[in-house]
Amino acid sequence: MPNGNIIVTDDRGTRVITLRRPGKKNAITQHMYREMSRAIDTAQNNPDIRCMIITGGSGVFTAGDDIDDFMHADAARPETLSDGAKFLYSLALNVKPIIAAVDGASIGIGTVMLFHCDYVLASNAATFSAPYINLGLVPVGAASLLMPRTMGYQRAFAMLVMGRSFTAAEAHAAGFVNTVVSPGHTEVEARKVAREICRLPAEAVAISRKLLRAPPEELTRRIDQEAHLFGERLKSNDAIAAFNAFANRKKRK
Ligand SMILES: C/C=C/C(=O)SCCNC(=O)CCNC(=O)[C@H](O)C(C)(C)COP(=O)(O)OP(=O)(O)OC[C@H]1O[C@@H](n2cnc3c(N)ncnc32)[C@H](O)[C@@H]1OP(=O)(O)O
């Protein structure tokens, strides 16, 4: 059942998946994860879809997991994790190029998903972080595999273990952003990249892409391994204190 926070449109061979929850900085609920997974999964065997764009629109990409939703979702944690994990599986198993258009903050899963994407555009107002450490947590989504591979161990350490944020220029220098554009222009530029990809021979794109990427089974193995450790960390005093602090921050407002 669509809830309006994920908008999916198909335009000349490109599926555009838009996070639209501006009042909550595009924080991602379990329902939104399911909608995004469905959009990616249903593109796999659809010959009309040649590539995809994931965008947060203008001003923000995503504040990561919706922490309220995460905390209040079914008390059974494995169930809570499963929509996010399913989304990560959808990304890991996806066979079509995905372009990400990042304007503003990209936090947590927002940044992790970029490492599964094929081409990343960012505005110079974009910032990138994956501050699981600040919640007493560990990386998810095969970030511990893909980040050091893409940008080198030291940068991955700064982002994942120290919780550092990268600017668009730093992300570009680190190699996980292809192009930096002006704020408000990421989506239009992403559509140009999509048209370029759509003009290429589809089968050769698919084979070449597969050769370039980590095998899906390697990704899913690491996703599972991280999810297990993440689940353990959720029970830690550090994580409980961090989630309580978030809840109290809201009450004080
Ligand atoms: C298990 C989880 C793992 C992870 O995902 S790790 C990453 C978790 N994410 C974060 O730590 C980011 C938290 N959010 C922020 O730091 C800030 O927000 C921003 C920097 C993204 C934006 O700051 P500003 O422009 O000052 O906006 P604002 O007033 O903080 O937020 C606007 C509304 O959005 C809600 N919100 C923002 N992020 C989240 C989130 N991740 N989960 C749930 N709600 C969120 C706020 O509470 C508020 O809502 P209201 O106006 O009703 O008070």
Side-chain angles (χ1 to χ4, degrees), residues 3-6 19-34 36 54-88 91 100 102-116 122-123 125-144 146-147 156 158-168 171 183 223 226-253:
N3 67 358
N5 295 139
I6 298 294
L19 290 92
R20 189 175 294 164
R21 201 177 172 224
K24 294 288 182 184
K25 303 290 172 187
N26 289 342
I28 304 175
T29 61
Q30 304 300 303
H31 187 92
M32 291 164 71
Y33 275 128
R34 289 197 292 276
M36 289 195 290
I54 301 180
T55 175
S58 290
V60 67
F61 188 58
T62 173
D65 275 292
D66 183 304
I67 295 175
D68 295 314
D69 186 63
F70 186 87
M71 286 164 62
H72 295 118
D74 192 333
R77 286 296 184 192
E79 181 64 30
T80 306
L81 280 175
S82 67
D83 291 316
K86 168 75 176 58
F87 170 67
L88 293 163
L91 284 176
V102 182
D103 197 5
S106 170
I107 304 176
I109 192 71
T111 298
V112 171
M113 76 170 88
L114 304 177
F115 288 81
H116 290 269
S123 83
T127 57
F128 303 86
S129 62
Y132 297 99
I133 198 78
N134 296 341
L135 300 175
L137 299 174
V138 293
V140 294
S144 64
L146 295 176
M147 283 197 190
M159 181 170 280
L160 287 176
V161 185
M162 299 175 73
R164 288 249 186 102
S165 180
F166 286 30
T167 63
I223 288 170
E226 290 175 346
H228 173 73
L229 295 168
F230 188 91
E232 291 295 309
R233 290 303 305 163
L234 281 174
K235 297 176 214 149
S236 69
N237 291 337
D238 286 341
I240 291 164
F243 283 116
N244 285 338
F246 187 83
N248 291 331
R249 161 185 176 269
K250 285 179 67 69
K251 277 189 210 133
R252 280 200 302 274
K253 267 188 157 185

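Counting convention: from 1, in listed order, for ligands and their atoms alike.
- No side-chain donor from either of T62 and N26 sits under 3.5 Å from a side-chain acceptor of the other.
- The ring-ring contact (aromatic ring centres under 6.0 Å, His included) test applied to Y132 returns no partner, not counting sequence neighbours.
- F243 pairs in a side-chain contact (heavy atoms from CB on, under 4.5 Å) with only one of the listed residues (D68, D238, L137, N248), which is L137.
- For S129, the closest heavy-atom approach to ligand 1 does not fall below 4.0 Å.
- Within the listing of ligand 1, atoms 42 (N), 43 (C) sit less than 4.0 angstrom from a heavy atom of D66.
- Which of K24, R233, M71 comes nearest to atom 34 (O) of ligand 1 through a heavy atom is settled by distance: it is K24.
- Only the side chain of I107 comes within 4.0 Å of ligand 1, judged by heavy-atom distances.
- When only interatomic distances are considered, the shortest N/O to N/O separation between I109 and ligand 1 does not fall below 3.5 Å.
- Checked against a 3.5 angstrom limit, the closest N/O atoms of R249 and ligand 1 fall inside it.
- Applying the ring-ring contact (aromatic ring centres under 6.0 Å, His included) rule to F166 yields no partners; only residues at least two apart in sequence or on another chain are considered.
- Every atom of ligand 1 with a heavy atom of F230 under 4.0 Å away is listed here by number and element: 1 (C).
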Which is it for L91 and M36 under the side chain to side chain contact (heavy atoms under 4.5 Å, CB included) test, yes or no, and what are the steps along the way? CA-CA 10 Å; L91 284 176; M36 289 195 290; over 6 Å; no
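- The proximity of F61 to ligand 1, defined as any non-hydrogen pair under 4.0 Å, does not occur for either the backbone or the side chain.
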Take F128 and F61 through the ring pair (Phe, Tyr, Trp, His ring centres under 6.0 Å) test and state the conclusion after the steps. CA-CA 10 Å; F128 303 86; F61 188 58; 8.3 Å; no
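- The option with the heavy atom closest to atom 6 (S) of ligand 1, from among L135, V140, V60, is L135.
- For N5 (side chain) and R20 (main-chain N/O), a donor-acceptor pair under 3.5 Å exists by modelled atom type.
- Comparing A63, G110, G64, A242 by heavy-atom distance to atom 9 (N) of ligand 1, the nearest is A63.
- Short contacts between ligand 1 and G23, defined as distances under 4.0 Å to a heavy atom of the residue, involve ligand atoms 32 (C), 33 (C), 34 (O).
- Using a distance-only test at 3.5 Å, with no hydrogens or angles considered, no donor-acceptor pair links the side chain of D65 to the main chain of I67.
- Within ligand 1, counting atoms from 1 as listed, the ones closer than 4.0 Å to a heavy atom of Y132 are 3 (C), 4 (C), 6 (S).
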